[in-house]
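First comes the structure, then the notes that go with it.
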Amino acid sequence: MRVFKVPILASLAALLSLSVVYCSFPAAFLSLERALPPSHRVELDQLLARDRVRHARLLQNVVGGVVNFSVEGTSDPYLVGLYFTKVKLGSPPKEFNVQIDTGSDILWITCNSCSDCPQSSGLGMQLNFYDSASSSTAGLIPCTDPMCTSSFHTSSTECLTQSNQCSYTFQYGDGSGTTGYYVLDALYFDMILGQSYIANSSAFVVFGCSTYQSGDLTKTDKAVDGIFGFGQGSLSVISQLSSRGMTPRVFSHCLKGDGNGGGILVLGEILEPSIVYSPLVPSQPHYNLNLQSIAVNGQTLPIDPAAFTTSNSRGTIVDSGTTLSYLVEEAFDPFVSAITSAASQTVTPTISKGNQCYLVSTSLADVFPSVSLNFAGGASMVLKPEEYLMRTGIIEGAAMWCIGFQKVQGGVTILGDLVLKDKIFVYDLARQRIGWANYDCSMSVNVSVTSSKDEYINAGQLNHSSSSGDMLFKHLTTGTLVFLMHLLWS
């Protein structure tokens, strides 16, 4: 296993941002001539310098595009309770199931050296473990690398002096956590380059290899191979790829709420005329929006706007890694009271396990009000009853639906999958805004692909849970990779 020198992270990331070089040959043979006479002696450093220029020219012609990931799972807490995708890492590539999480930054996979991590999953999937020693393209991040000495808001980095490995510790909001070390290896994905053109491509990314897990991450009932962080931090995959011009600095998802779930996830922009946008609160580690008010049946609730003010311990966060949704106490009580008042004429209110529930014998839309979350910039998020209620069972022939929002005594309002499902969400990091629109996520969507950093072209339609395409390009061979590493090392 190789440990790269200091320049390798930045240099390799910039140079090996693509796996595409292809040639066409004419029918007639071309004669080849030596660039230099065989008797002419050239020093090695001259050859390396000339090849560096050539490889730089080759890689300058790289055009970025939309990266498409499959989506599986549902928001139903009684089934899966999370959405996940598949990533391929290493050489030869190995597939891993990872939770889609916009509330954290790093991509991490469980290491094969993690003895206390789940060995099986109640989700019916086989768990896989990452082994850097079995990947011919893997490299550890040394303590001397700049990223190991920098401060990242989502993780605490430290140096394991005995092994010279850059390690991390990360804690999630539910109290679970992971510890491990950083690895640089190849990530393989489908890249949409234009109408109906899908390329199998690859890039080198930094991710975590988890050697210890705690809290809910140790449970087997919903265990996956890792977590795919889509935050704004410099170590998120979206940041790593967009900084090299491979993808636009925007990603989108459409999470299907009913049936078997699934959906669409792209590193790119989903285009839909009905999308409304609200600006991100600046200088925040998460996707914070300025929630200003809540309305039920068009009536604004009596909530002090200060309840939603963003600070170190308050605010409103969009987080696909949270199954339900959470509302601060000052807003929760008026919210539940208004829902109960509007529906109590045709349903039977009841309390179940401390939660406000309702026995319903008819269609939800017929008896429950619409809810509007109103954000800065005039953008409203209209919630259907099934986006603030969750079905928990049947009592005496009536379905029992409970308030899906949970009360938070002080702290942060979190919009989880309960709210995010059945909507297009666009995280436009370039313009620092988030957009959304109600949508049937089983339908295809229009996406855009960037041909330069400022120009967008329509890339056509992308289908629900679709991530396969024809191979138009070849991956970098191991020999080419080793050669490029040699150039960077010198």
Side-chain angles (χ1 to χ4, degrees), residues 64 66-67 100-105 153-154 229-234 236-243 245-255 263-295 305 308-311 314-322 325 372-383 387 412-417 419-439 441 445-450 452-459 462:
V66 167
V67 174
I100 301 167
D101 183 21
T102 61
S104 63
D105 283 347
H153 62 255
T154 56
F230 280 85
Q232 302 183 69
S234 57
S236 71
V237 170
I238 179 66
S239 293
Q240 292 187 56
L241 297 182
S242 64
S243 67
M246 291 195 68
T247 62
R249 198 160 174 255
V250 54
F251 71 95
S252 313
H253 61 63
C254 194
L255 307 176
I264 295 170
L265 171 65
V266 293
L267 304 189
E269 181 181 4
I270 294 179
L271 304 174
E272 170 61 30
S274 60
I275 291 179
V276 296
Y277 286 90
S278 184
L280 284 166
V281 179
S283 305
Q284 296 298 314
H286 300 289
Y287 293 117
N288 283 74
L289 292 175
N290 184 3
L291 177 61
Q292 296 179 328
S293 66
I294 300 177
F308 304 124
T309 301
T310 301
S311 66
R314 282 187 172 272
T316 301
I317 293 173
V318 178
D319 179 18
S320 68
T322 296
S325 291
S372 176
L373 307 181
N374 304 312
F375 295 87
S380 293
M381 186 183 300
V382 179
L383 306 182
E387 293 166 350
V412 178
T413 292
I414 302 176
L415 305 181
D417 294 337
V419 169
L420 305 186
K421 66 183 181 182
D422 300 320
K423 295 179 184 66
I424 291 172
F425 264 82
V426 178
Y427 301 74
D428 189 346
L429 306 187
R431 298 178 177 88
Q432 283 295 287
R433 61 180 186 171
I434 290 183
W436 58 83
N438 289 332
Y439 200 78
C441 296
V445 296
N446 288 319
V447 295
S448 66
V449 58
T450 178
S452 69
K453 291 187 177 180
D454 301 314
E455 180 184 357
Y456 288 85
I457 60 175
N458 186 23
L462 190 65

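When side chains are defined from C-beta on, Phe308 counts as touching Ile294, because their heavy atoms get closer than 4.5 Å. Inter-residue side-chain proximity for Met381 and Lys423 is flagged as met; some heavy-atom pair is nearer than 4.5 Å. When side chains are defined from C-beta on, His286 does not count as touching Val412, because their heavy atoms never get closer than 4.5 Å. Contact of the Ile317 side chain with the Leu415 side chain is not registered, since no non-hydrogen atoms from C-beta on lie closer than 4.5 Å. Between Asp428 and Ile434, every side-chain heavy-atom pair lies at or beyond the 4.5 Å cut-off.
Ser274 pairs by the side chain to side chain donor-acceptor pair (under 3.5 Å) definition with Glu272, not counting sequence neighbours. In this structure Ser278 satisfies the side chain to side chain contact (heavy atoms under 4.5 Å, CB included) test together with Leu289, Phe375, Ala376, Ala379, Trp436, sequence neighbours excluded. Looking at residues two or more places apart in sequence or on another chain, you find no ring pair (Phe, Tyr, Trp, His ring centres under 6.0 Å) involving Tyr439. Qualifying side chain to side chain contact (heavy atoms under 4.5 Å, CB included) partners for Ser311, counting only residues two or more places apart in sequence or in other chains: Ser313, Arg314. Every side chain to side chain donor-acceptor pair (under 3.5 Å) that Ser236 has, sequence neighbours left out, goes to Ser239. Every residue meeting the side chain to side chain contact (heavy atoms under 4.5 Å, CB included) condition with Val281, not counting sequence neighbours, appears here in chain and number order: Gln284, Asn288, Asn290, Thr310. Not counting sequence neighbours, the partners of Ser380 by the side chain to side chain donor-acceptor pair (under 3.5 Å) test are Asn374. By the ring pair (Phe, Tyr, Trp, His ring centres under 6.0 Å) test, Phe230 is found to be paired with Phe228, Phe251, residues two or more places apart in sequence or in another chain being considered. Every residue was checked against the side chain to side chain donor-acceptor pair (under 3.5 Å) condition with Asp417, not counting sequence neighbours, and none meets it.
The backbone N or O of Ile270 sits less than 3.5 Å from a side-chain atom of Ser252, completing a donor-acceptor pair. Between the side chain of Thr247 and the backbone N or O of Val66 there is no donor-acceptor pair closer than 3.5 Å.
Here the straight-line distance linking atom CD1 of Ile414 with atom OG1 of Thr322 works out to 4.5 Å at 0.5 Å rounding. Rounding to the nearest 0.5 Å places OG of Ser448 at 4.5 Å from CG of Leu271.
Contact detail for Ile424 and Cys254: the closest heavy-atom pair is CG1-SG, 3.9 Å.
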Run Leu373 and Leu291 through side-chain contact (heavy atoms from CB on, under 4.5 Å) and show every step you take. CA-CA 7 Å; Leu373 307 181; Leu291 177 61; 3.9 Å; yes
side-chain contact (heavy atoms from CB on, under 4.5 Å) between Ile100 and Leu265, worked out: CA-CA 9 Å; Ile100 301 167; Leu265 171 65; 3.8 Å; yes
Hey, mind stepping through Ile275 and Val426 against side-chain contact (heavy atoms from CB on, under 4.5 Å) and telling me if it holds? CA-CA 9 Å; Ile275 291 179; Val426 178; 3.9 Å; yes
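Here the rule is side-chain hydrogen bond (donor to acceptor under 3.5 Å, both in side chains) with Tyr427, and of His253, Glu269, Arg433 only His253 fits it.
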